[in-house]
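Quick note on labels: first sequence line is chain A, next is B, and so on, each numbered from 1. Side-chain atoms are counted along with the backbone in the values below, which use heavy atoms only and exclude waters and symmetry mates.
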Amino acid sequence: MDDQLSSKRYEPPVVDLNNRNSGHTFLIELTGYKKNVLEIGTSTGYISKILKAHENTVTGIEIDSEAGSLAQRYCDRMIICDVESLDFEKTFEPASFDVILCGDILEHLKNPARILKKIKNFLKPKGYLVVSLPNFCHGDVFLNLLNGDFRYTSMGLLDETHLRFFGLKNVFTLFAGCGYQISDLHTTNLGIGNTELRMDHEKIPQDLLKFIRSLPNSDVYQFIFIASPSDTITLPNFDEIDFKRLLSDSLVESRSAIQSPLLEELAGKNQQLQKITENLTIVSKHAHNLEVIIADRDNQITEFSKHAHNLEAIIADRDNQITEFSKLNRSLEAIITDRDNQITEFSKLNRNLETNVINLDKQITELRYYVHNLETGVRDLDKQINELRQHARNLEMIVTDRDKQIADLRQHTQNLETIINDRDRQLQEFVRLNQSLSNENQSIKRSLTYNLTTKFHKKIVERILPQNTRRRKYYNLGLSGSRILINEGWDRFWWCYNERTHQKAISTGCIIPLPHPKINLQESDNFPAIQVTVSVIIPTKNAGPDFPSVLDKIKNQKGIASVEIIIVDSASTDGTCEIAEKNGCRILFIQPEEFNHGLTRNYGAEQASGEFIVFMVQDAIPVGEYWLFNLVKSFGNDEKIAAVTCRQIPRSDADLFAGFILWSHYRSLKRTQNRVYSCDDRFDELAPLDKRIAAGVEDTCCMMQKKIFDRFKFRNIQYGEDLDIGIRLLKSGYKTAFVFSTGVIHSHNRTPFYFFKRSFVDTLVLDSLLNDSQKPSDNNISLKDLMEQVLGLYSLIHQHMTTLGNLSFSGTQATNHLKKSLHSAAVGSEIHSFLSDDKQSDSFDKMNKLEVLLAECAQLVDTSSLKRPDSLIISYCAVLDNFSDYCSVYPSLDGKELELFESFDKLFALIAGSTLATYYCKKSHDQLSESELTLMKLLGEGI
Amino acid sequence: MNILFSVHQFFPHHYTGTERLVLNLSKQLQKNGHHVKVLTYGIIETEDYRFQDGFLIKEYSFEGVPVISVRHVNIPAEVSFSIFDPNMEKIFHSILEKNSFDIIHVCHPMRTGTIIKMAKKYNIPVILTLTDFWLMCPRGIASTPQGNLCEGSSDGEQCISECYGSLWSDKIRQRFTDATLVFSMVNRVVFPTVFLKNMFSKKIYSGPSDLIRFGNDYRYIRYNTKQYSETSDIRLGFLSSLLPHKGAHVLVAAFINAHQDNMSLKIFGDPLHEQEYFENMKNLSNDYPVDFLGKYHNDDLESILEDLDVVVLPSLWWENTPLVMLRALAHRVPVIVSNFPGMTEVVRDGVDGYVFRPGDSDHLKDILIKIGKNPLLLNEIQKSISYSKRIEEEAFEYECIFTEEIQKHMQ
């Protein structure tokens, strides 16, 4: 159907932008990229399509509705109408277009000047027209006109729909008349005889053809140019054509090719003619003589009538001579014919010579190609030489490197020798010392006093403190404690005491065999399912982009007979409930103010029908298809296992600190293997850390036996509901488990502000549940003092972080550098900028959220100075050491500098939060002032 | 854990599937707190090497992952053919001496395969992941020079007769002996697809193995949430090299014959050396809404897939789970694939997409007409796409295997 469109005839088979003799190429190039374009006369949109591909916004106008409907595919706006009748003012805003494209369109219009003037208003200030027009003054048109023929054709120069015709002069005058300056003029060329108006060249005299070719623009098919609105227009000088000269040049040229051989021939012919003329002269003279004779004979006739007969004979003789002249004349004609033949042969010879010249040209081209190949070869050789040079340089570097290594090794050997000598000397001293001590020892042992004392002491001890009694045990403990105290000091004694106290921890903890299920490739679809129902409970509020993936993963779990998902939603507005509904979840609704970490989960659990329930968060993505299967398997046949918590794995977009915090969490809780915990009735005897390890149920993702959970449920507390239920389960004789070999993908890239608050809350929760606060050594220290130390630490860290900026480092180097600086530096006397009262100042605007919070805290406890925080520096350096361990997996943190600096702030936030929390741990609520309570509320909210 | 990954080539110059697997695993295991290093071979790299033990060696870091790259001073012609190279033992010895690795994960045995032998000497457990046919087919593509698909050989005789000729017979036989040795030395074999496992089990290795499928990095995944109506326009996409065995011509023919007004086709890919094939295809589709958009970069996939409604993989050879297919499924863009097991073990006909007979453009045309006439079908497909493996899961599964093997080893 498309092929029947009248406009389709203008559409090229291919718009080849590499063709420099195509009007389309220039139209598209002159239009450019990313512009607002009005294309008048789109036809089927073959130009619009490319303009669109060049990221232009294209508005099209097309008179032909069918063609216009095709072009519509590529145009942002399509208007199907006659452009001459279009009300531009009503259709377009003034100054709308960067470019108006008039490709072969003006010649179809009744009044192109009117349209050109009209569209000027719709160009932007620097806008322009891109125009193409056919050249009426093409040589083929002239030849047709000379032939008395002004025929229209279906398309081309004399397209039957053309109403206007232009030569180059007319183009300039038309556009100048409408107020446009023409620039960037391009032409497409089609030689005479190559257009649709082609005449039979055999019928056209070559001289005429040459003459028409010599006329300017006689081979130009189209003019393509830019026309820009301008107040001052310069027209080019169109010189008058010197027809006489062009005509004579054409004739001279056309003849010159054959003139010279003909002239030579003519010269030869002239020589022969001269000889003939000479002969003729001789003959004429002879004739004259004969005439004289005839005259004489006439006289003689008169005189001698009797000689009349002789005279007739003479006449006859003269007739014969005339016959001979005729013969001679014929032979001359034969010679001329012969000469003509010779000219023809010369022409042939001439053609042969031309052929020879073409052959020679070919040979020259081949030689050039050969030379080019040789040049390429030379270049390749040059390249090889350069590569060899590079290789040689590499080898030189290697040699230098090895020399350096040898020198280093020599130095190292010398150092080792020095060390060995030193060690030899030390060894000798030790031997001497040992000898003298041994002698002394021998003499003491031999002494009577020693023997009596030992004997007496042994007897006394055996008597008063018999073996296997509690007294003897305390005696031994006291003895070893005294030794430690005397030999290693108070700190070591205290540390050993704590270690010993904590040895009571988790004596029944054991590793349970929970291997990663071996799923044979062929049997993966036939893996036997456990005949249980698992209910997964997820509290949600605007669950985020991964929520569909979370639900997908849960739905597609294998190896479990039935899985139900229960969503407890607090007024989500991001489509969470719709996604849950699509995925077949049961949805329970609560008001946001009703939300409580424990009670909300209880509400979900009440609706659950499974033998097992899983509590998880909305953005924890289960790992693999056997996650639930592995969790159920972890319960084994042990009815006492009430809850199984699984591992959290950092997301691929986790930042440095998010990865560290998970790593550190599992390392400090010794959760790097699958474990089961139980503690009978001795829970309260455990050290706080062990309590936390054993009771560490985490509702990020944990599975519980429904029947046990229903007896315990989460309690109505603000935070730590999961740890709380863990403690209660253990105290009641149940077991908890941790599974390292399955897990959920879950991490957050949080801010220092968050970690400050989180650390504060965690410390309070741990203290209340486990009695695990880090009590400050001085119980009388005030909150103001603590705040001054916190601010002092922040100030110190930031002073020294600036010195790290120019280093290219590993994380370990950076943390060591910071540690060293913290130990050596003193807090400046200046008050940190964020403590300023002037909240309108520039520096206040630049403060981050953590600084704003610190400033608010400082204001609440009336802090205005900083203190060197020696104890906090020790704590901070301890977490820095831990962080440094984690960073050691990265050879370089280039590109993660920002994450590293933020991590220093987040580590600070952990220390600061827990430090301030310890103050509250040792006070009861009624011992706190109003401002202290406000501070507590400020730090405890929003987690 | 201290883990060494071994791969035949690596970033920044090489970035196809196996290199990406190594990079993803390394970065994720670093996040989990493990020390990793990548051992690779500098097949085209020349800069910054130093001389050591008769070899060139350099250490660098790519996106925070430490890399040791080794190369011969003069690269031997058979570096990508042979499995073991005794000359490399000394340099690998130095590397293993200097680092105390707990486990070695060979992600491709080409060029650096000798590390398997050395690991055995150092008593370090080795995990081998096979991502392609190279260990069973020296040509690496499981097809003969005549283009016939080949199921491999147990002793190499088929390689000699059909691909290499008798001049290579000794080397081929040695290679097959070495391949058998590899399987006897490694502690565990992992395949990313059942298809690859089956291919190896026919002739080379039928022992125990694990299946760990490739994961996608969901940082770069945006779910396709388009809802189709009866009149929706459908943009088909082809994303691969424009080489005959990738089958773009089958798609173009099917697209032209399907003649659906609401469909357009975008072809991304490099014609490489098959310029004539490319030109023919271009000429054939001149009058149709087919755009040839040239080579694409992995970073562009996010925006390309966002713009497509269906991705077509009309391959004519044994594709082994192309990454672009997994990526499209992760974006929840339906796919149409040739019926080859590497693809159909992930794509279920009528569920995640559609499957057609390889090379049968009429069959593909029928599928296109079906979708063109009823775009609502895509809504159903989009909903039921289930491939959602993440690189975190992939790394986690490997971490579990590493832990198990190290524990076994310590016992």
OG1-CD distance between T46(B) and E387(A), expressed to the nearest 0.5 angstrom:
8.5 Å
If one checks every heavy atom of D653(A) against chain B at 4.5 Å, the contacting part turns out to be both
Hey, are the side chains of Y890(A) and K27(B) touching, using non-hydrogen atoms and a 4.5 Å cut-off?
no
Could you have a look at L395(A), V399(A), T742(A), N583(A) and say which one has the most heavy-atom pairs with chain B under 4.5 angstrom?
T742(A)
A side-chain contact here means heavy atoms from C-beta on lying under 4.5 Å apart; do Q405(A) and Q52(B) qualify?
no
Contact summary for N32(B) and W663(A), nearest pair of heavy atoms:
O-CD1, 3.6 Å
Quick check for you: among H34(B), E63(B), R332(B), which has the greatest number of heavy-atom pairs under 4.5 Å with chain A?
R332(B)
Which heavy-atom pair separates Q30(B) from V889(A) by the least distance, and what is that distance?
NE2-O, 3.0 Å
Which bit of R213(B) is near chain A, if near means a heavy-atom gap under 4.5 Å: side chain, backbone, both or neither?
neither
Could you check if a side-chain atom of Q673(A) sits within less than 4.5 angstrom of a side-chain atom of T403(B), using non-hydrogen atoms only?
no
For the CD atom on E581(A), are there more than 12 heavy atoms of other groups (residues, nucleotides or ligands in this structure) within a distance under 6.0 Å?
no
More than 12 heavy atoms of other groups within 6.0 Å of K282(B) NZ
no
Taking NE2 in H748(A) as the centre, count heavy atoms belonging to other residues, nucleotides or ligands within less than 6.0 Å. Is the count above 12?
yes
At a heavy-atom separation under 4.5 Å, does K37(B) approach chain A through its side chain, its backbone, both, or neither?
neither
Under the salt bridge (Lys or Arg N to Asp or Glu O under 4.0 Å) test, which residues partner R20(B), sequence neighbours left out?
none
Part of I621(A) lying under 4.5 Å from any heavy atom of chain B:
side chain
In terms of heavy-atom contacts, does NZ of K670(A) have more than 12 from other residues, nucleotides or ligands at under 6.0 Å?
no
Hey, is CG on N74(B) packed in by over 12 heavy atoms from elsewhere, all under 6.0 Å?
no
pair L56(B)-I398(A): side-chain heavy atoms closer than 4.5 Å:
yes
Best-contacting candidate, D401(A), L656(A), I649(A), against chain B by heavy atom pairs under 4.5 angstrom
I649(A)
What part of K555(A) is in contact with chain B, defined as an atom under 4.5 angstrom from a non-hydrogen atom: side chain, backbone, both or neither?
neither
Less than 4.0 Å between a side-chain N and a carboxylate O, is that true for R647(A) and E399(B)?
yes
Can you say whether D291(B) sits under 4.5 Å from chain A via the side chain, the backbone, both, or neither, judging by heavy atoms?
side chain
Could you check whether atom CZ of R402(A) has more than 12 heavy atoms from other residues, nucleotides or ligands sitting under 6.0 Å from it?
no
Heavy atoms only: give me the nearest K31(B)-S652(A) pair and the separation to one decimal.
CE-O, 3.2 Å
Between Q407(B) and chain A, with a heavy-atom cut-off of 4.5 Å, which part of the residue counts as in contact: side chain, backbone, both or neither?
side chain
Under 6.0 Å from the NZ atom of K226(B), do we count more than 12 heavy atoms belonging to anything else shown?
yes
Does a side-chain heavy-atom distance below 4.5 Å link D261(B) with R73(A)?
no
Heavy-atom contact with chain A under 4.5 Å, split by part of I385(B):
backbone
Minimal heavy-atom distance between P891(A) and G64(B), with the atoms involved, is CD-O, 3.1 Å
Got V73(B) and H391(A) here, is their nearest side-chain heavy-atom distance under 4.5 Å?
yes
Any side-chain heavy atom of I745(A) sitting closer than 4.5 Å to one from E393(B)?
yes
Answer yes or no: is there a side-chain heavy-atom contact under 4.5 Å between Q28(B) and P650(A)?
yes
Show the nearest heavy-atom pair for residues R390(B) and S549(A), with the distance to one decimal.
NH2-OG, 3.1 Å
Enter the distance from S892(A):OG to F62(B):CZ here, rounded to the nearest 0.5 Å.
13.0 Å
